[in-house]
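Values in this document were obtained by computation on a predicted structure and should not be read as measured data.
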Amino acid sequence: MTQDYEAQDYEYQARQVELDRDRQFRLGEGKISGYCSVFLGALSLLSVLAYQFPAYLTTAELRQVYDATFLQGVLKYGMYFSLFFGVLTFIFKRYRTLGLAGIFMTAIAFAIGGHDVPIQGIEAHRLSLGLDWLILAFLGSAFIFMTLEKLFPKYKNQVILRKEWSLDLAYFCFNHLAISAIVIYANHSAHRFHWAINPDLQASIQSTPIFFQVLLIILSADFVLYWEHRLYHEVKLLWPVHAVHHSVEDLDWLAGSRGHFIQVFSERAMVMLPLYLLGASESALGAYVAIAALQAVLIHCNLDLPFGFLKYIIVTPQFHHWHHSSEKPAIDTNYSAHTILFDWMFKTMHLPGQHWPAAYGTIKLLPRTYLGQTLYPLTSQLKKFSR
Ligand SMILES: [Zn+2]
């Protein structure tokens with residue numbers, strides 16, 4: 001089967017990743033403590049702000065799912081560990097500035113209320129910044145996927161602080177903070193198709209077992225995402241928007257966050273349409289959202305998990321890494337997000353046995369800053385006209 005998807009006469013080569021010692025985390029230098037202190041300090045400060053101003057800084061939909069009182073307990077540990085790691089950097093001296101920054105942010109977090117701010121209720125469906133979504137997604141993703149990447153790395157020499165990690169962190173922050181605006185926009189777009197709702201069809205879908213409903217959602221979403229993704233690649237005017245996502249050259253759990261805001265908003269709006277029309281139960285929708293969120297991170301990971309026969313059913317890191325390859329046989333292939341069905345059906349699949357890409361990124365180099373990439377759809381067109 002694998003031979004069917006292997007390009008004839010193409011010499012597949014293994015990617016070489018050099019160990020970057022300057023960016024590596026090593027025990028006993030204070031760098032690990034320094035970064036832990038800064039990240040815990042920043043997350044603590046943001047969490048206290050979210051507890052102080054929930055109407056503006058938390059997501060109504062997410063608030064229904066988590067236990068704010070329990071998370072205050074977690075916050076308490078986060079604050080004390082930030083201080084602990086900050087103090088630890090003074091023993092090693094070299095990364096004292098990071099330790100000081102962590103301690104400083106935690107001190108502000110204590111000053112503006114600390115970990116026992118009274119919990120307030122909020123109005124539902126209000127436009128807000130998803131600070132709670134950002135904090136929880138960062139902690140969850142970093143813990144689950146960095147552990148997996150450490151246990152089953154595809155490229156052992158690739159470091160956590162690889163080139164452009166901070167750029168991708170900026171995308172991660174923006175895309176999570178904007179969650180409420182994205183959901184409002186996507187719901188508004190889907191409701192325009194109110195006329196297409198069939199109540200009998202929705203009732204019969206709701207009467208089926210939950211597993212079937214989730215499967216139906218996955219396949220419908222996959223179909224929409226396949227064509228939306230393919231259009232971004234094949235329509236010349238749209239490509240510069242999507243090229244931002246492809247400009248990343250080292251894939252890991254954070255890399256998938258890189259995406260132009262136009263793509264992020266349009267993608268969510270497109271995928272909302274089948275979900276809206278199918279009218280599946282709340283629990284089926286919840287299960288799909290969780291699966292989709294985890295799979296979106298997983299497929300970008302620096303991860304060589306043995307998926308076995310599943311790699312011919314679902315989209316895995318190897319499958320999606322080929323989508324990010326700049327090698328000729330892989331250009332404009334593997335568009336699917338959840339299952340490989342539509343790539344197989346429409347003959348855009350590239351999964352050459354055990355081979356992985358030798359190079360990632362775009363053929364034409366993009367700007368390397370957040371602003372430069374955000375303006376890229378515009379600047380690339382202007383450049384064309386000025387020629
Ligand atoms: Zn793509």
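Gly361 and Ser326 get closest at one heavy-atom pair: O-CB, 3.4 Å. The minimum heavy-atom distance between Leu351 and Tyr312, with the atom names listed, is CD2-CE2, 3.8 Å. Nearest heavy atoms, Ala280 versus Ile217: CB-CD1, 3.7 Å. The shortest heavy-atom contact between Ile32 and Phe25 is CG1-CD2, 3.7 Å. Of all non-hydrogen atoms in Gly102 and Ser37, the two that sit nearest each other are CA-OG, 3.3 Å.
For Arg94, the CZ atom is loosely surrounded, since the number of other residues' heavy atoms within 6.0 Å does not exceed 12.
Classification of Arg162 and Asp250 as a salt-bridged pair fails, no side-chain N sitting under 4.0 Å from a carboxylate O. Contact check on Asp252 versus Lys154 returns no salt bridge, with no Lys/Arg side-chain nitrogen under 4.0 Å from an Asp/Glu carboxylate oxygen.
Cation-pi check for Arg268 over Tyr185 is not met; the charged atom does not lie both under 6.0 angstrom from the ring centroid and within 45 degrees of its normal.
Remark: of the listed residues His260, Glu228, Gln263, Gln263 is the sole one forming a side-chain hydrogen bond (donor to acceptor under 3.5 Å, both in side chains) with His242. Evaluated for a ring-ring contact (aromatic ring centres under 6.0 Å, His included) with His350, the options Trp356, Trp322, Trp344 yield exactly one hit, Trp322.
Put simply, the side chain of Val315 does not reach to within 4.5 Å of the side chain of Leu298, judged on heavy atoms. The side-chain heavy atoms of Ile340 and Ile313, taken from C-beta on, include no pair separated by under 4.5 Å. With a 4.5 Å cut-off on side-chain heavy atoms, Ser266 and Tyr232 count as touching.
Counting only distance, with no hydrogens or angles, the side chain of Glu327 and the backbone of Tyr360 share no donor-acceptor pair below 3.5 Å.
The aromatic rings of Trp227 and Phe346 stand perpendicular to each other, their planes meeting at an angle above 60°, with 30° marking the opposite boundary. Taking the six-membered ring where the residue is Trp, His300 and His320 present perpendicular rings, their angle passing 60° and hence far from 30°. Ring orientation note: the planes of Tyr276 and His194 are tilted relative to one another, at an angle of 30° to 60°. Classified by interplanar angle (parallel below 30°, tilted 30° to 60°, perpendicular above 60°), the ring pair His245/His324 is perpendicular. Note on ring orientation: taking the six-membered ring where Trp is involved, the planes of Phe39 and Tyr35 are parallel (angle under 30°, cut-offs 30° and 60°). Using bins of under 30°, 30° to 60° and over 60° for the plane-to-plane angle, the ring pair Tyr370/Tyr171 lands in the tilted bin.
Residues Ile299 and Phe342 are members of one and the same hydrophobic cluster, defined by side-chain heavy-atom contacts under 4.5 angstrom among Ile, Leu, Val, Met, Phe, Trp and Tyr. When the side chains of ILVMFWY residues are joined at heavy-atom separations under 4.5 Å, either directly or via intervening members, Leu43 and Leu169 end up in a single hydrophobic cluster.
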Item to check | ring pair (Phe, Tyr, Trp, His ring centres under 6.0 Å) between Phe90 and Tyr95, intermediate numbers included | outcome: CA-CA 8 Å; Phe90 283 81; Tyr95 293 96; over 10 Å; no
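One finds the CG atom of Asp132 at 10.0 Å from the CG atom of Leu177 (value rounded to the nearest 0.5 Å).
Aromatic ring centroids of Phe319 and His323 lie 6.0 Å or more apart.
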